[in-house]
Amino acid sequence: MNRLKLVAAACATVVLAACNPEPGPLQHGANPELPEPKRGLLPSMKIADPSEWGDQVPVVPEGFEVRAIARDLRIPRQTLVLPNGDILVAEGRGGNAPALKPKDVIAGPIKAAGTTQVPSGNRLTLLRDADGDGEYELQTVFAEDLDAPYGLALVGNNLYVANQDAVVRFDYQPGMTQARAGKPQVLTKLPSEINHHWTKAMTASADGRFLYVGIGSNSNITERGMTAEQDRAVVWEIDTQTGMHREYAGGLRNPTALAIQPGSGQLWAVVNERDEIGPDLVPDYLTSVREGGFYGWPWAYWGQHVDTRVKPENPEKVAASITPDYALGAHVAALGLDFSSPVMGPEYAEGVFVGMHGSWNRSEPVGYKVVFVPFRNGRPAGDPIDFATGFRDDDGTTRGRPVGVTVDPRGALVIADDLANIVWRVARIGAAAPPPGPPPPATDQAGGEDTETVPEAATGP
Amino acid sequence: MVATVEGRYAPAFHPVHALLLGGALSLILGTLLADIAYARTYEIQWINFAAWLNVGGLVFAAAALVCALLGLVPSRRTRGSALHCLLWAVAWILALLNALVHARDAWAAMPMALVLSVLVFAVALVSIFFAAWPLRAGGVR
């Protein structure tokens, strides 16, 4: 009996220990510090306390001004800047994962408290600033009755939208403010059963022939069984001509944003890594995605660190796991990615912007901002620089949560905020000349969420 | 030697108490068996079953704990009722810890989940033995 009491006392200590805040080293770059995995009996959760922006706006670097260009959206996630400067916003919330364990019943409502309460938009909204004064006076529904649209890409006159269950195609003509009536054409069905991680990030290859679609895992770490992970945690390459697909890369737990690097045409991704092995594991990361590459999930993380929660083991897969390029920090929830261009000014000319939605399972919250990761010679070089902050106060008050980030070739960064249901535009002061007169004809702009070519009008300081 | 059978059985359990103990014990045993199945097969559904069975066990065991506490009033107290109540409370706390352990994803619950399931079942069984003690005492002489 004494022994039992001892066991009970020991277990109670574990519970208490798990409640203590444990701020740890933040990890950036190619060689993050990785502590030993650990988990107490209770998870460390710190849920955002939603609040209004009021008169406040995000804090942006000197030389930039920020403005809310759309409000009252229905969960804006990703944006696409069209050749004529119009902005498309994908709105919605997906996923149909049932509560599997008692903890899902308890944790679900707790986590939901830190997100917006508005219903899923399931639509695309178009924003237009016809006179180039930075005020987007037109806010109109471009297409509706979609299914949790997320990834967006324009190839010629084809607008591709990645719903949570399929890539669909709209015909797009320059200057359009509304898609033609009728259902869009389905290009390729996507894996959508359960959809624990439902977001389907998408970008188009530089030549516009292929679409790359990120398909997140169906669990944190295989707790829904391996059969649920068929065609999950992968990036698909879809042929735009035929709709045929193949697996381009795997082991990417939740590739939430994809972008093509200007010049090289290389595919990059930000990936959200696994939870519940400590506040500093596992760093979410930014990486170039190698064709045929395997990045570890579920068997390994950050290269060949074995995750012992996955049984049966798979040493071959562990051995094959590629170490990602650049750690962004554990639990920051990177959901947005876009390559910068010289229009953003010399300091931000080469690199990527990363939108960080922010943590929920870390006693010391992280993320809740947009950072810039500088590149040199086409590779990440240096620490991330805060680009847009002020989304969250130290006392937990949270006004916004950044998701998609898109570089507007007129010299601005477009940020979707899915808590405040706002789209922010962070414009470089004096960078952009307004587009003259009518919208220019559509080009073969094929970068999906990114734009390779810099309009000449916008290259000046 | 003459053996006589004592015909009078002291009613150790109120029928509702007995029902709750039986329900809890079945669910606790189910948790243990499902944990064993997961540990042997890695088939994830078993640990989902275990997690839910354990929650069911907690519900029944909590109600049974109320009965056990009521059994401590002097007019109802038997030789084993204090020990029964104490051990049952220990089993319930262990089962609560077991619920937290079962909330871990996939194999992270193991081997702790299995160890706790064995402990909960064992402690619950011993606890019920103490509740039934007066029956033995009044048995064959």
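Each chain gets a letter, A, B and so on, in the order the sequences are listed, and its residues count up from 1.
Interface remark: B:V55 contributes side-chain atoms only to the contact with chain A (heavy atom separation under 4.5 Å). Looking at A:R274, neither its backbone nor its side chain comes within 4.5 Å of chain B, counting heavy atoms on both sides. For A:T308, the part sitting under 4.5 Å from any heavy atom of chain B is the backbone (N, CA, C, O) and nothing else.
With salt bridges taken as basic N to acidic carboxylate O contacts below 4.0 Å, one links B:D105 and A:K103.
Contact count against chain B (heavy-atom pairs under 4.5 Å) is highest for A:P102 among A:A107, A:P102, A:P312, A:G225.
Taken from CD in A:E223 to CZ in B:R104, the straight-line distance is 14.0 Å, to the nearest 0.5 Å.
The two residues A:V234 and A:G250 make their nearest non-hydrogen contact at CG1-CA, 4.0 Å.
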A:R232 vs A:N195, side chain to side chain donor-acceptor pair (under 3.5 Å): CA-CA, chis, key distance, verdict: CA-CA 9 Å; A:R232 306 300 300 217; A:N195 258 3; 3.0 Å; yes

